[in-house]
Amino acid sequence: MVTVNQDFYTLRCINCKTEFDEHQTCTVCLKCKGPLDVVYNYDFIKQRLNLYALKNSPISALKYLTLYPILNLEKIVTLNEGGTPLHHCRNLSKKFNLKNLYIKNEGANPTGVFKDRGTLVEITKALEMGAKAVCFASTGNMAASVAAYCTLAKIPCYVLVPEGTPIGKLAQTLSYGARIIQVRASYSECAALAEEMAKRHGFYLAGDYAFRLEGQKSQAYEIAEQLGWKAPDYVLCPVGVGTNISAIWKGFVELKLLGLIESLPKIIAVQPEGCNVVVKAFNSKSKQMVRIEKPNTVCSAVAVSMPFDGPKVLTALKDSHGAAVSVSDEDVLMMEQSVAKEEAIFVEPSGALPMAAVAKLSKEGFFKKDDVIVCVATGNGLKDPKSAVKMIPEPPTIDPDIKEVDNYLKYKLYQIQSEGIKNKTKVLWTKIPAEKDLKKIIHSEFGIDTNPAVLKTIGSSIKEFETKGKEITKQDLQNIIEEQLDEYNSKDKYLEIIDFEAKTSKYKQASASIKVRYGDKVLLGQANGVGAVDAIITALKSSIKDHDKLSISLTDYNVEIFTGGVEATVKVTMTAVDKDGYKIHAHSTSPDVIVASVSAFEKCYNFLYLKNFKPKK
Ligand SMILES: *Cc1c(COP(=O)(O)O)cnc(C)c1O
Ligand SMILES: [Zn+2]
C-alpha cells in the first residue's frame, strides 16, 4: 500500500513534519494533532499531466484529477462540480473605481457551495478506503455537500451541527438523507465531538482535512484558466476553518510549479469582526491564534472559534505578501444586497465578506485601478434566506384590486425596501413629532411620500408603541409604515378589539378577558388558556361565538424578534383559514407580544370577513 503512495504523494504534518500513510491517519497528526498536508511527487504528476487536454477542454473540477490524491479512478463520486462562472463586476467596479474586479461564483456548484470540490475528493477517498459510515461536524454547508455525495456513494452519513444552523442548510442536508444531530455548542466543539465519534464507532471522519483541501484547489486552477492562464493580483476569500483559502493558495503555487502561470497572487483573508481569529493573529504578527469563545456574526459559515487550518492560512498570507481584513456584520449584509442588486449574484452573508473587504480597502486606496481582483463568493444566498430577509422587508400584500396596485406605484412603496437597510437601530426622535414633521422624517429616511390618511394611522400606531415605553427606532418605524401601507386600516373592520386584559403566572393557567365590537354589537368574552395568547384568542372566539359568521382557525403562528434600540420589538405572523378553506396571513408589530398577536388575529379575521362578505361592486 505504502509503495503506491510513495510514488505519488504522502501525508505530512505541517508542524512536526512527521509523515503518515493515509491508512494511519488522513485527518490530524498522530503525534502533535496538527493539520496534515498532502505532499506530492510533482515529477510523477508532470509525467501524467496532459497539458493539451487541460488547455483545450471546458473548465471543470474533474479535469484536474491528476492533481488530486486519488488512486482508484473507478471510485470517483461526482456531481460535476466546479466550472463556475468568473463574473466581471461591471457595475461594482465603477463604484470602487476599479477596472478588473471579478466574482468567482462558487454558489453555482451542485449543492450551492465550493465545498463540493473538496467533497468530490474526500468521499472518493472514503470509498477507496472502504468507509462503512461517515461522520463530521459542520456549520451547515459541508453538511449538505457531504450528505449529497454520501447519498451517491451509498454510505450512511452523520453530521453534528451547532444549534441554530440556518434552516436552508438543514433542510437540504436532511433531504439528502443525512442524520443530523444539533449540538448546544459552537462549531469547534462539534468538530472535537465528531473526531471522538469517528474513533469510537469506526466511522470515516470527514471535514476540513487534507483530502478536502486537495479538491478545493481547483478554484485556483479555474480562476487562472479563466483569466487566460494568468494569476490575478489579488484573491480575497472568507476564512472559517481556513481550509479553503489555503487550498486556493496551494492551487496557485502548483500551477506556477507546473509552469502554467508565471506569477502568484496576493491572498487576502476576510473575516467578520465578531469572529476574526486569523485576522487578529496576522495583523499582530503573531503565530499564536487566540480562541474566540463565542463567535458573534451573521456569517454562520465562518463562525469558527479556533480555525484548524489557521497555521496554513498565516503561511499563505505571509508567503503571498497578502493581507487580512475584518468587516462588520452590517457592512456584510449591505454588501450581500449590493452584490445582488448590482451584479445579480445572490450570496449568503459569508459569501459577501470578500466584496465587503474590497469596499473597505478601496476606500483606503489599497488597490491600483488596474489590479485584477478576484473575490470568492463562496456560497449561494438561498442557503440562508433569513439573513437576506432581515435587510429586505416583506413586500406589501394587497387585495386583487387595481386601485391597490395604483397606490403601490403612486406612493413608491418599493423604495422603502432599499432605503430601510441603513441604520436600523437609530432612535428617530426624543419627542413624538407633529404630523408634518413625521411626513418629512418618513421621506428622508425611506424616500416615500405618505398621504394624510396613512400618516394619521402611522401617527396613532406610534403613540401605541410609545405607551408601551418603547423608543422608536428606524426599524420600528419601518415596520409600522409597512403595516399601515397594507391598506388594512383604511378598510372597515367588522371585528374590532376594544380592550383586553391577560393574566399569566408560573403555576396557574393563563386567563384573559376581552371586549370587542362585532358589526354593530359590543361583546364580552372570558377564557383560560395554555398561555396568555391562547387565552386571549379563546376569549375572543367565545365573545363572538353566538354571532360568528366565519369560525376561523389558526394554522400557523410565528414570532420574530427585532433587537433594535433599547428594547426588543416583536413581529407576529399568523395564518388562519375559514370554514371554506380560505387561507390568509397577517402580521403585526409591537413591543408587546400579546398586543401583536391580538392585532394579527384581528387582521386575519377581518381579511377573511372581507373575502366572504365583501359587498359586490
Ligand atoms: C465553509 C465556508 C466558508 C469557510 O471556508 P473554510 O474552509 O472553513 O475557511 C466560507 N463560506 C462559505 C459559504 C462556506 O460554506
Ligand atoms: Zn505533527
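Position 1 is the first residue of the sequence, and the numbers go up from there. Because only heavy atoms are used, hydrogens play no part in the values below, and waters and symmetry mates are left out as well, while side chains stay in.
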Distance from [X] atom [atom1] to [Y] atom [atom2], nearest 0.5 Å?
X    : Y    : atom1 : atom2 : value
L361 : I268 : CG    : CD1   : 5.5 Å
T569 : F465 : OG1   : CZ    : 4.5 Å
D384 : T165 : CG    : OG1   : 10.0 Å
I462 : I480 : CD1   : CD1   : 5.0 Å
K541 : L550 : NZ    : CG    : 11.5 Å
L608 : I552 : CG    : CD1   : 5.5 Å

Within the 4.5 Å heavy-atom criterion, are [X] and [Y] side-chain neighbours or not?
X    : Y    : value
F500 : V598 : yes
N141 : F114 : no
R291 : V277 : no
P433 : K440 : no
D329 : P272 : yes
Q182 : L170 : yes
T378 : V302 : no
S387 : L333 : yes

For [X] and [Y], which heavy atoms make the closest approach, and how far apart are they?
X    : Y    : answer
E336 : A388 : OE2-CB, 3.4 Å
G240 : P307 : O-CB, 3.4 Å
E343 : H87  : OE1-NE2, 2.8 Å
C89  : Y102 : SG-C, 4.2 Å
V161 : C190 : C-SG, 3.7 Å
V279 : V325 : CG2-O, 3.5 Å

Derivation and outcome, side chain to side chain contact (heavy atoms under 4.5 Å, CB included), residues F367 and V358
CA-CA 9 Å; F367 299 113; V358 167; 4.2 Å; yes
Let's go through L101 and M355 carefully: what are the C-alpha distance in whole Å and the side-chain angles of both, what is the deciding distance for side chain to side chain contact (heavy atoms under 4.5 Å, CB included) to 0.1 Å, and is it a yes or a no?
CA-CA 10 Å; L101 177 63; M355 288 295 276; 3.8 Å; yes
Any donor-acceptor pair under 3.5 Å from [X] side chain to [Y] backbone:
X    : Y    : value
D476 : T473 : yes
Q271 : V278 : yes
K583 : T575 : no
S543 : G525 : no
K603 : H587 : yes
T589 : V570 : no
E348 : K383 : no
D548 : S551 : yes
N109 : G112 : no
N606 : Y494 : yes

Go through the steps to decide whether K439 and H443 satisfy the test side chain to side chain contact (heavy atoms under 4.5 Å, CB included), and finish with yes or no.
CA-CA 6 Å; K439 189 180 165 78; H443 187 86; 5.9 Å; no
So among K95, R90, K94, which one has a salt bridge (Lys or Arg N to Asp or Glu O under 4.0 Å) with E342?
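The salt bridge (Lys or Arg N to Asp or Glu O under 4.0 Å) with E342 is passed solely by K95 among K95, R90, K94.
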Both conditions, 6.0 Å and 45 degrees, for the charged tip of K474 above the ring of F446: are they met here?
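Yes.
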In terms of ring plane angle, is the pair Y605 and F601 parallel, tilted or perpendicular, where the classes change at 30° and 60°?
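Taking F601 first and then Y605, their aromatic rings sit tilted (interplane angle of 30° to 60°).
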Non-neighbouring partners of [X] that pass side chain to side chain donor-acceptor pair (under 3.5 Å), sequence neighbours left out:
X    : answer
E496 : R517
Y557 : S597
T111 : D116
E560 : none

Residues in side chain to side chain contact (heavy atoms under 4.5 Å, CB included) contact with K521, at least two apart in sequence or another chain:
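L523, H547.
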Do T573 and N558 pass the side-chain hydrogen bond (donor to acceptor under 3.5 Å, both in side chains) test, and can you show the C-alpha distance, the side-chain angles, and the key distance before you say yes or no?
CA-CA 5 Å; T573 307; N558 179 14; 5.0 Å; no
Classify the side-chain pair E189/S186 by whether it contains a donor and acceptor separated by less than 3.5 Å.
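Judged by distance alone, the side chains do pair up.
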Just wondering, are more than 12 heavy atoms of other shown residues or ligands nearer than 6.0 Å to CD in E501?
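No, not enclosed.
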A quick test of your reading: do over 12 heavy atoms of other residues, nucleotides or ligands sit less than 6.0 Å from NZ of K456?
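Counting other residues, nucleotides and ligands, NZ of K456 stays at 12 neighbours or fewer.
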Donor-acceptor contacts under 3.5 Å from residues 527-539 side chains, at least two apart:
| from | atom 1 | to | atom 2 | distance (Å) |
| --- | --- | --- | --- | --- |
| D534 | OD2 | V530 | N | 2.9 |
| T538 | OG1 | D534 | O | 2.6 |

